[in-house]
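Every chain is numbered from 1 and lettered A, B, ... according to where its sequence line falls, protein lines coming before strand lines. What you see is a predicted model, and the numbers here were worked out from it, not measured in a lab.
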Amino acid sequence: MNLDLSLRTEIQKALSTLFNQSVEQLQLQPTNDEFEGSHTLVCFPLAKMSKKGPEETGKLIGEYLQANSGLVSKFNVVKGFLNLTISDSVWANVFTAIYTDESFNQLPSNGREMMVEYSSPNTNKPLHLGHLRNNFLGYSVAEIYKALGYTVHKVQIINDRGIHICKSMAAWQLFGNGETPQSTGLKGDKLVGKYYVEFDKYFKVQIAELEAKGLTKEEAEKQAPIMQGAVALLLKWEANDQATVELWKAMNGWVYAGFDATYKRMGVDFEKLYYESNTYLLGKEEVLKGVEGGVFYKKEDGSVWVDLTSDGLDQKVLLRSDGTSVYMTQDIGTAILRFRDFPKIEGQVYTVGNEQEYHFKVLFLILKKLRYAFAEKCYHLSYGMVDLPSGKMKSREGTVVDADDLMEEMVLEAEKQTRELGKIDEMTDADVKSLSEMVGLGALKFFLLKVDPKKRMMFDPNESIQLQGHTGPFIQYTHARIKAILRKASSINVNIDAADLKNISLLEPIEREIIFRINDYHNKLQEAAREYSPAVISNYAYELAKEYNQFYQAIPIFNESDPAKLKFRIAFSKVVADVLKGSMKLLGISVPEKM
RNA sequence: GGUCUCGUAGCUCAGCUGGAUAGAGCAACUGCCUUCUAAGCAGUAGGUCACUGGUUCGAAUCCAGUCGGGAUCACCA
């Protein structure tokens, strides 16, 4: 049964009976802790209609509901707030329905499809803290939609083309001495990243030298030999020069292997990868078609532009005067290709930092101008930067927090604390390892996901590694605790029959609160999906775990002498564990049986 | 400068489709392990919700302005 809906229906009945009127929007909200009840009807807006003052209105509605609804056992009115107490038998029914609902955590398929893009790193630098936020967000949003019954396609675009790749290639040719991941023992992405940094270093030196000879900065940047080397490589690559393409393939291969290892540890995956090198030509084609169709226009120098001034934006270049494509061209091609590959998807979510908001605004407008209906269903899941106490991460200043290093550090910290708490005594080394992995990554993921994605957030390497309080491990711990109870219950052969549960009465207030919260889970799922915000889920899971811990501490389950109550509390604990596990799964976090 | 965005406890964050005395965690201080796991629980202390004005029964929440932070405004991606 849907308690919320039933209650609203009953209130509407009350209004039509008492005042012969109906109201479109009822303000029903959770009751504040200091008052008795679980649901509160705000009566101020109803006063005009009832012509009776909020307090009197609340009282009349309360009396009606108590007498006629079968839901409300008690009520009180404070100022204009009608606080309703739902009767225990109703709670028992609500709980039993959830307990017996096998698709509570995973709703049945709704036949709808969507696509989520995330990660999409440059292939010349290793993944860092910002990518972690990106990946965890994108993965989680995909999981949230899946739980609602959607089929979700997780994809990423690989920017494997362009001058930036050629920079690493140029530097490797100059200084690499044939180094490979195998020969150095470095992860492939780290090795290529090293040469990208190397490039930058020599580039700067050469610019300085040329500037000292009297060249302007722009001239120096163009004429620096190492940059000319990179440009030469780009031209050769575009001309399909065999040796260049071989090197490009080899170095990209190293990077992908390195990224794969990182993704694996992060626990994220992709159904399909799109390569810029495969989509930019389609984009170009579309742009040229757009010129013919009059959507875009060509300047005298041959460059192609779109004029968005009538939409409040600027003009934007889509093809350079030499006919080569830009970032936007590639994204147009990719979007179209994806809808060709997956014609049933109704929308595409792009998980990309908020510094690209303008880009996506333009992209979606262009797609609309090209008359692609799916443009309406594209959404830029824009997230804020992760700042360090020293400010923004800057690769040039060496303040980048490397993703691999950070994950390793978190896992080591988890292991250290597990040891300090004396929990490893009866664990095998393999157990300790897998638990540390779970806890360390759980802490990291939760930390990055509990903040509203849109907001920029602070990461302090010295303080963020916390395993107590408002953290992932707190929830994991709560789950493990419940599992201990369930093990004990099964060891003493407590069998639960759903029919027993309906007859339970005299619930503790904390038990009602928790059922209320569990009952709210699907609302939160919807909200998280609507807002594209895993933070909604993480905060929900935290609140639920917190409430359960209160219950756990206050009520020793196995001291209960009434067998019906004992059964109820075990079933109740099981449901909490399942919902915790399910909601953590949406965040990409596993929960342990013991910790 | 234009556009967008953020400003809540010492710190990190919730709350924002207007509702009751603004909530957590961390840090500080006090208690609680012979009972299901103390990575926990209970409590104390900590606030001019940046500022000013407006809208109304009611504003942290909506609107306008001011101040402060950030992003963006490339034939880079």
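If you check every strand for non-hydrogen atoms under 4.0 Å, Pro54(A) touches nothing. Residue contacts shown for Thr478(A) are absent, as no nucleic acid heavy atom lies under 4.0 Å away. No engagement by Glu413(A) is indicated, since no non-hydrogen atom pair under 4.0 Å with the nucleic acid exists. Residue Met595(A) is classed as a base contact, given a heavy-atom separation below 4.0 Å to a base. Residue Leu41(A) is classed as having no contact, given no heavy-atom separation below 4.0 Å to the nucleic acid. When heavy atoms are screened at a 4.0 angstrom cut-off, Ser573(A) is found touching no nucleic acid atom at all. Heavy atoms of Lys455(A) sit under 4.0 angstrom from at least one base atom. Counting any heavy atom pair closer than 4.0 Å across all strands shown, Glu276(A) reaches sugar-phosphate atoms only and no base atom. Contact annotation for Asp452(A): backbone-only contact, meaning every heavy-atom pair under 4.0 Å involves sugar-phosphate atoms and none involves a base. Residue contacts for Val326(A): at a heavy-atom cut-off of 4.0 Å it reaches the sugar-phosphate backbone alone, with no base atom in range. Residue-level contact check: Asn124(A) touches neither bases nor backbone, having no heavy atom under 4.0 Å from any strand. Among the protein residues, Gln356(A) comes within range of the nucleic acid bases, having at least one heavy atom under 4.0 Å from a base atom. Residue contacts shown for Lys483(A) are absent, as no nucleic acid heavy atom lies under 4.0 Å away.
With distances taken from any side-chain atom of Asn159(A) to the nucleotides rG25(B), rC75(B), rA77(B), the minimum falls on rA77(B). Each of rA77(B), rU37(B), rG70(B) was ranked by its minimum atom distance to the side chain of His164(A); first place goes to rA77(B). Distance from the side chain of Tyr542(A) is smallest for rG25(B) among the nucleotides rA77(B), rG25(B), rA20(B). Residue Gln417(A) places its side chain closer to rA39(B) than to any other of rC26(B), rA39(B), rA42(B). Here the nucleotide nearest the side chain of Leu421(A), chosen from rA39(B), rC36(B), rC4(B), is rA39(B). For Lys546(A), taking side-chain heavy atoms from C-beta onward, the closest of the listed nucleotides rC73(B), rG25(B), rU37(B) is rG25(B). Relative to the side chain of Val451(A), the nucleotides rU37(B), rC13(B), rU72(B) differ in distance, and rC13(B) lies closest. Side-chain proximity of Leu467(A) to rA77(B), rA39(B), rU21(B): nearest is rA39(B). For Thr418(A), whose side chain is taken as the heavy atoms from C-beta onward, the closest listed nucleotide among rC41(B), rA39(B), rU37(B) is rA39(B). For Asn539(A), whose side chain is taken as the heavy atoms from C-beta onward, the closest listed nucleotide among rC73(B), rA14(B), rG40(B) is rA14(B).
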Criterion ring pair (Phe, Tyr, Trp, His ring centres under 6.0 Å) on Tyr350(A) and Phe364(A), from CA distance to verdict: CA-CA 11 Å; Tyr350(A) 291 85; Phe364(A) 299 159; 5.8 Å; yes
Test ring pair (Phe, Tyr, Trp, His ring centres under 6.0 Å) applied to Phe459(A) and Phe447(A), step by step: CA-CA 9 Å; Phe459(A) 181 86; Phe447(A) 181 86; 5.5 Å; yes
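Taking the P atom of each, rC63(B) and rG7(B) are spaced 13 Å apart, rounded to whole Å. Comparing the P positions of rG47(B) and rC6(B) gives a spacing of 26 Å, expressed to the nearest Å.
In this structure, His359(A) and Glu593(A) both approach RNA chain B, and ranking their closest nucleotides by distance from the 5' end singles out Glu593(A). The residue among Tyr358(A) and Phe474(A) whose nearest nucleotide of RNA chain B is located toward the 5' end is Phe474(A).
Dashed line: the shortest gap from a side-chain N or O of Gln550(A) to OP1 or OP2 of rA42(B) is under 4.0 Å.
Taking a pair as Watson-Crick or G-U with both hydrogen-bonding distances under 3.5 Å, the stems of three or more pairs touching RNA chain B are B:1-7 with B:67-73, B:10-13 with B:23-26, B:28-32 with B:40-44, B:50-54 with B:62-66.
Computed from coordinates, the Phe447(A) CZ to rA14(B) P distance equals 11 Å when rounded to whole Å.
Stacking is found between Phe44(A) and the pyrimidine-like six-membered ring of the rG19(B) base under the 5.5 Å centre-distance and 30° plane-angle cut-offs. Stacking between Phe81(A) and rA20(B) is shown: the ring centroid lies under 5.5 Å from the centre of the six-membered base ring, and the planes differ by under 30°. You can call Phe35(A) stacked on the base of rA20(B); the centres are under 5.5 Å apart and the planes sit within 30°.
When side chains are defined from C-beta on, Phe136(A) does not count as touching Tyr118(A), because their heavy atoms never get closer than 4.5 Å.
Judged by the 6.0 Å distance and 45° axis criteria, Arg481(A) is positioned over the aromatic ring of Tyr552(A).
Using a 30° and 60° split on the angle between ring planes, His128(A) and His131(A) fall in the tilted class, from 30° to 60°.
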